[in-house]
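Let me begin by presenting the structure, written as structure tokens, before commenting on it.
Protein chains get the first letters and strands the later ones, always in sequence-line order, with residue 1 at the start of each.
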Amino acid sequence: MPELPECEASRKAVEAGALNRTIEGFEEHNTIHLELPGPQDRDRLKGHQFTETHRHGKHIFAGSKSGPWIAVHLGMTGSLKTFDAPRDLPDYAHFIIRFEGDRRLIYYNPRKFGWMRVIDDPHDWIANKDLGPDAMEIGDNMFADRIGGSRGTVKSALLDQKKLAGVGNLWADEALYRAGIGPEVKGTELGSDRIATLYKEMRASLQGVLDVNADYGKLPGDWLIHNREEGADCPRCGGTITKKTVGGRTAYFCPDYQEAA
DNA sequence: TCCATTGTTGTGGG
DNA sequence: ACCCACAACAATGG
């Protein structure tokens with residue numbers, strides 16, 4: 001799932017392979033129902049270069065001081081990669097920006113939930129979107145206010161992009177697991193100690209995934225990510241991993257390791 | 001056939 | 001007015 005660390009891996013791919021080259025053209029394949037830049041926006045991009053990238057939560061941006069920017073949302077299955085004149089692209093390489101020298105930036109998205117738009121400025125755009133602070137940028141006090149002040153479940157609060165941008169279903173579960181907090185605990189039931197623990201463990205979860213560039217196979221075996229199956233043994237206490245819908249999403253957690261209230 | 005995933009949107013309750 | 005919960009929607013493969 002492209003959450004903050006996976007989006008960061010895509011941002012890095014853009015940073016490494018798609019900067020400082022003039023945009024020459026576009027290709028698209030099987031793009032029905034996928035929101036992409038239209039003819040006018042493509043004309044705006046053509047002839048410009050991307051010179052910098054930015055990421056906020058699950059949104060990725062590329063552009064330059066004076067030129068247009070692209071804003072990208074990867075939905076649930078998207079990714080960005082660069083190639084030199086690739087052949088044999090899969091069907092889900094839906095949109096391609098072609099730069100000088102045959103370099104290509106490819107927007108993959110098998111499930112087609114997601115989009116790419118052309119915008120003027122990422123910081124203005126973020127400010128107008130009612131997005132919360134990035135989960136790796138937010139400070140401990142603001143985290144405590146936003147998550148601890150939530151009357152709903154702590155899991156719903158972590159997933160709310162207006163409170164905190166970047167955490168999705170997988171890493172919300174991982175953070176709660178590490179913190180020993182049940183997903184159905186209310187934000188307002190968390191004391192300052194447990195909020196502080198959750199803040200620390202959320203950062204540790206995200207940083208751990210960032211450190212392996214979102215290659216899950218490189219994460220330690222005692223992470224919940226490797227045990228997201230009903231009835232699996234909890235790698236930390238020997239309890240049983242349980243599956244339950246919380247806040248409309250599937251939560252996996254260990255009722256023994258994670259306190260209910 | 002149903003389920004899983006995401007953000008958005010609309011509705012309704014407190 | 002605000003906060004929160006829930007359902008529906010989009011595409012697709014398992």
Protein-nucleotide distance (A:Asn109, atom CG; C:dA10, atom P), rounded to Å:
17 Å
Measure OH/A:Tyr108 against P/C:dT12 and give the value in whole Å, please.
17 Å
Would A:Phe113 pass as stacked on C:dA10, i.e. its ring centre under 5.5 Å from the base's six-membered ring centre and planes under 30° apart?
yes
Begin with the C-alpha distance, continue with both residues' side-chain angles, and end with the deciding distance and a verdict on side chain to side chain donor-acceptor pair (under 3.5 Å) for A:Asn213 and A:Lys218.
CA-CA 9 Å; A:Asn213 209 33; A:Lys218 292 179 179 167; over 6 Å; no
Expressed as a whole number of angstroms, how long is the span from A:Leu159:CG to B:dT8:P?
13 Å
Given B:dG7, C:dC4, C:dG13, identify the nucleotide with an atom nearest to the side chain of A:Arg111.
C:dG13
By side-chain contact (heavy atoms from CB on, under 4.5 Å) - contacts of A:Pro133 (at least two apart):
A:Ile138, A:Met142, A:Arg146
Could you check how far CG of A:Asn30 sits from P of C:dA10, rounded to whole Å?
17 Å
Give the minimum heavy-atom separation between A:Leu224 and A:Glu174, together with the two atoms involved.
N-OE2, 2.7 Å
What's the closest nucleotide to the side chain of A:Lys112 if the choices are C:dC3, C:dT12, B:dG7?
C:dT12
Measuring to OP1 and OP2 of B:dC3, would you say a side-chain N or O of A:Lys243 lies under 4.0 angstrom away?
no
A:Thr77 side chain N/O closer than 4.0 Å to the phosphate oxygens (OP1, OP2) of C:dT12?
no
Output yes when at least one side-chain N/O atom of A:Lys129 is less than 4.0 Å from OP1 or OP2 of B:dG7, else no.
no
From the list B:dG7, C:dA5, B:dA4, which nucleotide is the closest neighbour of the side chain of A:Ser156?
C:dA5
To the nearest Å, how far apart are A:Leu74 CG and C:dA10 P?
22 Å
Judged by each residue's nearest nucleotide on DNA chain B, which is more toward the 5′ side, A:Lys162 or A:Pro2?
A:Pro2
So A:Lys163, base contact, sugar-phosphate only, or nothing? Heavy-atom distance under 4.0 Å.
sugar-phosphate
Which pair of heavy atoms, one from A:Ile60 and one from A:Ser10, lies closest together, and at what distance?
CD1-CB, 3.8 Å
